[in-house]
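Values reported hereafter were calculated over all heavy atoms of this structure, with side chains retained and with hydrogens, waters and symmetry mates removed. As the structure is a prediction and not an experimental result, all values here were calculated from the model.
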Amino acid sequence: QRTRSLVETLMDRARTIPGVQMSSSTLFSPLSGSLWLYSVEVPGYRPAPGQMPMTYTNLTGPGYFAAMGQRILEGREFTSRDRDGAPQVAVVSEAMARQFWAGRSAVGQRFHTSALDSEKDVEVVGVVQNSVYSELKESQQAVMYVPLLQGSPRSATLVLRVAGDTA
C-alpha cells in the first residue's frame, strides 16, 4: 500500500513540473530487459496439444499508454479508479487479442491468470497497439497490462511526456 501511495504522489507531483504534459508509471519500462511471463486461462480458447497459453505481463499506471504514445484501439486505458478493491481489469495488446479472441472484440471478455493472487476473473477493458516489450527485434508479443494501483509493486518507473527542452 505504501508503494502504491508513493507512486501516486510522484505521478501527481511530476505533473506540476513545467513542461510535463503527462505522467504515469510502470513496473517494467520497454526495452528494460525485464519481463514477467504468466499463464492465462481463456474460456473457449483451445491451445495446441502440449501448449501452455502464456503472455507477457506488465503493471502500468493511469494514463500510461497516452504518456508512451501508444494508441488505444478499442475500449479504454486505466484510470485512477482502477485500484485495489476495484474489479480486476486488463488492457491487452493487439497480439494477445488476436491470439485469444480472434474475430471478435476482446473488450468485455474475461480470463484468469496466474499473474494475480486472486481467484477472480480479469475483465479486458481495452486493446492497445502492439509495441516493443523486451527488445527491438522481437516479433509482436501477446502482452497483458494490469493496473499498477491494483498490484503489489515493490518498485516502479516514472514515465513522463514532456514538451520542449527536456533539460
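In this pair, W101 and F111 present their aromatic rings tilted. The plane angle is within the 30 to 60° band. Between F65 and Y145, the two ring planes are perpendicular [angle over 60°; tilted spans 30° to 60°].
Contact of the Q70 side chain with the Y64 side chain is registered, since non-hydrogen atoms from C-beta on lie closer than 4.5 Å. Put simply, the side chain of V20 does not reach to within 4.5 Å of the side chain of R161, judged on heavy atoms. Looking at heavy atoms from C-beta onward, F28 lies in side-chain contact with W36 at the 4.5 angstrom threshold. In this structure, L149 and E8 have side chains that are in contact, with non-hydrogen atoms separated by less than 4.5 Å. Residues P62 and M11 meet the side-chain proximity criterion, which asks for heavy atoms closer than 4.5 Å. Side-chain contact between V7 and L148 is present, with at least one heavy-atom pair separated by less than 4.5 Å. Under the 4.5 Å side-chain criterion, counting only non-hydrogen atoms from C-beta, E123 is not in contact with Q109. In this structure the side chain of E94 reaches within 4.5 angstrom of the side chain of L73, judged on heavy atoms.
Residue Q129 holds its CD atom at 11.0 Å from CE of M68, rounded to the nearest 0.5 Å. Between the CG atom in L10 and the OG atom in S23 there is a gap of 9.0 Å [rounded to 0.5 Å]. Taken from CE in M144 to CG in N58, the straight-line distance is 10.0 Å, to the nearest 0.5 Å. Separating the CD atom in E77 from the OG atom in S24 is a distance of 7.0 Å, to the nearest 0.5 Å.
Here the closest heavy-atom approach between residue V89 and residue V122 is recorded as C-CG1, 3.6 Å. Between P53 and Q51 the shortest heavy-atom distance is CD-O, 3.7 Å. Between T157 and L27, the shortest heavy-atom contact is OG1-O, 4.1 Å. Of all heavy-atom pairs spanning V92 and A106, the tightest one is CG2-CB, 4.4 Å. Nearest heavy atom pair, residue Q141 against residue N130, reads O-OD1, 4.2 Å. Between A142 and T55 the shortest heavy-atom distance is O-OG1, 2.8 Å.
By the criterion of side-chain heavy atoms lying less than 4.5 angstrom apart, applied directly or through intervening Ile, Leu, Val, Met, Phe, Trp or Tyr residues, V128 is grouped together with V143 in one hydrophobic cluster. The hydrophobic clustering, which links ILVMFWY residues whose side-chain heavy atoms are closer than 4.5 Å, places L158 and I17 together.
Counting only N and O atoms by type, the side chains of E41 and T113 include no donor and acceptor under 3.5 Å apart. Side-chain contact annotation: S39 with S114, donor-acceptor N/O pair under 3.5 Å present.
The environment of CZ in R76 is crowded: more than 12 heavy-atom neighbours from other residues, nucleotides or ligands sit within 6.0 Å. The local environment of CZ in R15 is crowded, with over 12 non-hydrogen atoms from other residues, nucleotides or ligands closer than 6.0 Å.
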Report task. Test V91 against V125 for side chain to side chain contact (heavy atoms under 4.5 Å, CB included), laying out the working first. Result -> CA-CA 6 Å; V91 171; V125 295; 4.2 Å; yes
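Listed for the S93 side chain is a donor-acceptor partner under 3.5 Å among the backbone atoms of M96. In terms of modelled atom types and a separation under 3.5 Å, the side chain of D12 and the main chain of T9 share no donor-acceptor contact.
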